[in-house]
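See below for the structure under consideration.
Only this structure's heavy atoms are used, side chains among them; waters, hydrogens and symmetry mates stay out.
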Amino acid sequence: MSSRRRDSATSARQSNRRPVGPYRAALARLALPRILLVAALGVIAAGLSLALTASTLVRRGNPELAARMMPIDSLAVGGWAERLLMQKPLNPTPETGELARSALRLQALNPTALRVLGFVAAARGDERTGRALILQAQHQSRRDAPSQFWLIEDAVQRGDIRTALVHYDIVLRNKPSSHNVLFPILLNTLSDPAIREALGHYIGTDEIWAPQFASYALANSKDLRSLVALTVESGGLKNRQMAHEQAVGLIARLVAENRFADARRIYLTMPGATPLRLVDPGFDKADMDTRYGAIGWQTKAQADASSGLVLDDAGKPSLLLSANALTTTNIATKLLYLTPGRYHIGIVLSKFEGGDGAAVGAQIRCPAQPGDQPVWSQRVSARMISGDFVLPAGCDAQYLDIVVSGGSSGSMLDAVIRSVAIRPE
């Protein structure tokens, strides 16, 4: 075929394979980097599991020598064909195909030889034959990563998201070394609803690579809203303990970045979660084991002050507080989702012991407001804190802080909060 005819055929073939419709952008992100496809012909294939015999080592290091020494060895001949393909992956030499066919005559179901012939056929414009051969290769060995990479790209070009992810799944299951390459690609596609829908099936059912991908996404995602959408839409990881840890970690990141609406969304997917806990500052046994992470009460243990939840004589949680002299600090915090408006707060202490200047206080902050300044605060040296406050428009999430002061030199605060309640006015 002349160069002009070959270019024309290639252009027509690419035109016929171009995806159409709303999936185009999504599919473009699912596509593998071209350098990876070329590398798949050799670097990844070289790592396929083989028995570590002397002949195998020769095949790996010098397949041409192995084939010349053992011309009846199908694996060696197939490896030689693969090495030649690596040298000219886009324009294979006739010898490449001849060697692959020789390998098949020696072993009819040699996956490397089948794949090489498939790559050769596709490179010459016969993608139908190429696809059939590569599919046959992957049926013989699902661990043949180069076949899977070619099939991923083929599915992307045909506009088939689900099939592309089927082959992603095969590679990720069988080649843990592929995670470093494929996880970033998958993470970059999460903003597309069509890919999230297809990927969600694996998140909710797979226990091999999906938990690792979830951890990778949690640590590296720059688009937390899409990660939240994937978590909610998929129902989370199949393993409930892993799903819980993922949810707690995701809530922590969201709260740290002031993405409170998304944090609430994740919390409400967790077993036992209730909308009441989002507006109720009272102590709950769930706060004692921190099962809901940043949604529950956050206590602290510092060098000069500490707080902690314990059960009182009636079996109800109370908040223990302590602070050394000359220490004033925020020692416990509860995230709330009160709607803007007027409220009354009441805090009851069952114990208050301290010298001059010792006090327990509370404050309400709106982190979305400039400066994160309290909209209300009060400190007392008694067993009751109460007051009224107004949450302004736009203050859709709030922090209720407990503040302790140890007092003057020589004194120490020792206190217990029995209950905290907020009601609308």
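Panel note: side chain Thr129, backbone Asp126; no donor-acceptor pair is recorded below 3.5 Å. Counting only distance, with no hydrogens or angles, the side chain of Thr163 and the backbone of Asp160 share no donor-acceptor pair below 3.5 Å. In this structure a side-chain-to-backbone donor-acceptor pair under 3.5 Å is missing from Arg115 to Ala137. Side chain of Arg253 to backbone of Leu218: a donor-acceptor contact under 3.5 angstrom is found. Under a 3.5 Å cut-off, the side chain of Gln298 and the backbone N or O of Gly296 do form a donor-acceptor pair. No donor-acceptor distance shorter than 3.5 angstrom exists from the side chain of Gln148 to the backbone of Gln138, with no hydrogens or angles considered. The backbone N or O of Ile208 sits less than 3.5 Å from a side-chain atom of Gln212, completing a donor-acceptor pair. Under the 3.5 Å distance criterion, the side-chain polar atoms of Tyr267 are left unmatched by any main-chain donor or acceptor of Ala247. A donor-acceptor pair under 3.5 Å is absent between the side-chain atoms of Arg383 and the main chain of Leu349, judged by distance alone. Checking side-chain atoms of Ser307 against main-chain N and O of Lys300 turns up a donor-acceptor pair under 3.5 Å.
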Applying side chain to side chain contact (heavy atoms under 4.5 Å, CB included) to Leu336 and Leu278, what does each step give before you reach the verdict?
CA-CA 5 Å; Leu336 296 169; Leu278 298 172; over 6 Å; no
Asp206 vs Arg173, test: salt bridge (Lys or Arg N to Asp or Glu O under 4.0 Å). Steps then yes/no.
CA-CA 9 Å; Asp206 177 76; Arg173 283 174 176 274; 2.9 Å; yes
Kindly indicate, with the supporting measurements, whether the criterion side chain to side chain contact (heavy atoms under 4.5 Å, CB included) is fulfilled by Val403 and Ile331.
CA-CA 6 Å; Val403 181; Ile331 203 62; over 6 Å; no
Please assess Glu425 against His344 for the test side-chain hydrogen bond (donor to acceptor under 3.5 Å, both in side chains), listing each intermediate value before the final yes or no.
CA-CA 6 Å; Glu425 285 284 273; His344 177 81; 4.9 Å; no
Pair Lys334-Ile402, side chain to side chain contact (heavy atoms under 4.5 Å, CB included): steps then yes or no:
CA-CA 9 Å; Lys334 174 70 171 75; Ile402 301 299; over 6 Å; no
Could you go step by step and tell me if His244 and Met270 meet the side chain to side chain contact (heavy atoms under 4.5 Å, CB included) rule?
CA-CA 7 Å; His244 175 265; Met270 301 176 71; 3.5 Å; yes
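The distance from atom CD of Glu207 to atom CE of Met242, rounded to the nearest 0.5 Å, is 7.5 Å. One distance of note links CZ of Arg265 with CG of Leu250; it measures 11.0 Å at 0.5 Å rounding. Atom CD1 of Ile170 is separated from atom OG of Ser178 by 11.5 Å, given to the nearest 0.5 angstrom. Atoms CG and CH2, from Leu335 and Trp297 in turn, are 11.0 Å apart once rounded to the nearest 0.5 Å. Atom CG in Leu187 sits 8.0 Å away from atom CG in Asp223 (nearest 0.5 Å). Note that the CD atom of Gln398 and the CG atom of Leu400 stand 9.5 Å from one another [nearest 0.5 Å].
When side chains are defined from C-beta on, Thr205 counts as touching His201, because their heavy atoms get closer than 4.5 Å. In this structure, Tyr202 and Val166 have side chains that are in contact, with non-hydrogen atoms separated by less than 4.5 Å. With a 4.5 Å cut-off on side-chain heavy atoms, Leu391 and Trp376 do not count as touching. Between Ser221 and Tyr216 the shortest side-chain heavy-atom distance does not fall below 4.5 Å. No side-chain heavy atom of Asp280 sits less than 4.5 Å from a side-chain heavy atom of Thr274. For the pair Glu353 and Leu413, the minimum side-chain heavy-atom distance is 4.5 Å or more. Counting heavy atoms from C-beta outward, Ile185 and Tyr168 have side chains that approach closer than 4.5 Å. Residues Tyr343 and Leu338 form a side-chain contact, since some pair of their non-hydrogen atoms from C-beta on lies under 4.5 Å apart.
Looking at Ser322 and Ser306, their side chains do bring a donor and an acceptor atom within 3.5 Å of each other. No hydrogens or angles considered: a donor-acceptor pair under 3.5 Å links the side chains of Arg379 and Ser405. A donor atom on one side chain and an acceptor atom on the other are not found under 3.5 Å apart for Ser408 and Asp356. Between the side chains of Gln373 and Gln369, no donor-acceptor pair is found at a separation under 3.5 Å.
Contact record, Ala263 with Ile251: O-CG1, 4.0 Å, taken as the closest heavy-atom pair. Taking both residues in full, the closest heavy atoms of Phe352 and Ala382 are given as CD1-O, 3.8 Å, listed atom of the first, atom of the second, then distance. In terms of heavy atoms, Leu172 sits closest to His179 at O-NE2, 3.0 Å. Nearest heavy-atom pair, Phe283 versus Ser318, reported as atom, atom and distance to 0.1 Å: CD1-CA, 4.1 Å. The heavy-atom pair separating Gln246 from Ala214 by the smallest distance is NE2-O, 3.1 Å. In this structure, Ala305 and Thr327 approach most closely via the heavy-atom pair CB-CG2, 4.2 Å.
Here the rule is side-chain hydrogen bond (donor to acceptor under 3.5 Å, both in side chains) with Gln363, and of Asp401, Asn330, Thr333 only Asp401 fits it.
The number of heavy atoms from other shown groups lying within 6.0 Å of CG (Asp313) does not exceed 12. Within a 6.0 Å sphere centred on CZ of Arg240, other residues, nucleotides and ligands contribute more than 12 heavy atoms. When the shell of 6.0 Å around NZ of Lys316 is examined, it contains 12 or fewer heavy atoms from other residues, nucleotides or ligands.
In this structure, Phe119 and Trp150 have tilted ring planes: the angle between them lies in the 30° to 60° band. A perpendicular orientation is assigned to the rings of Phe213 and Trp209, their planes being inclined by more than 60° (bins at 30° and 60°).
Here Arg277 pairs with Asp287 in a salt bridge; the nearest charged N to carboxylate O distance falls below 4.0 Å.
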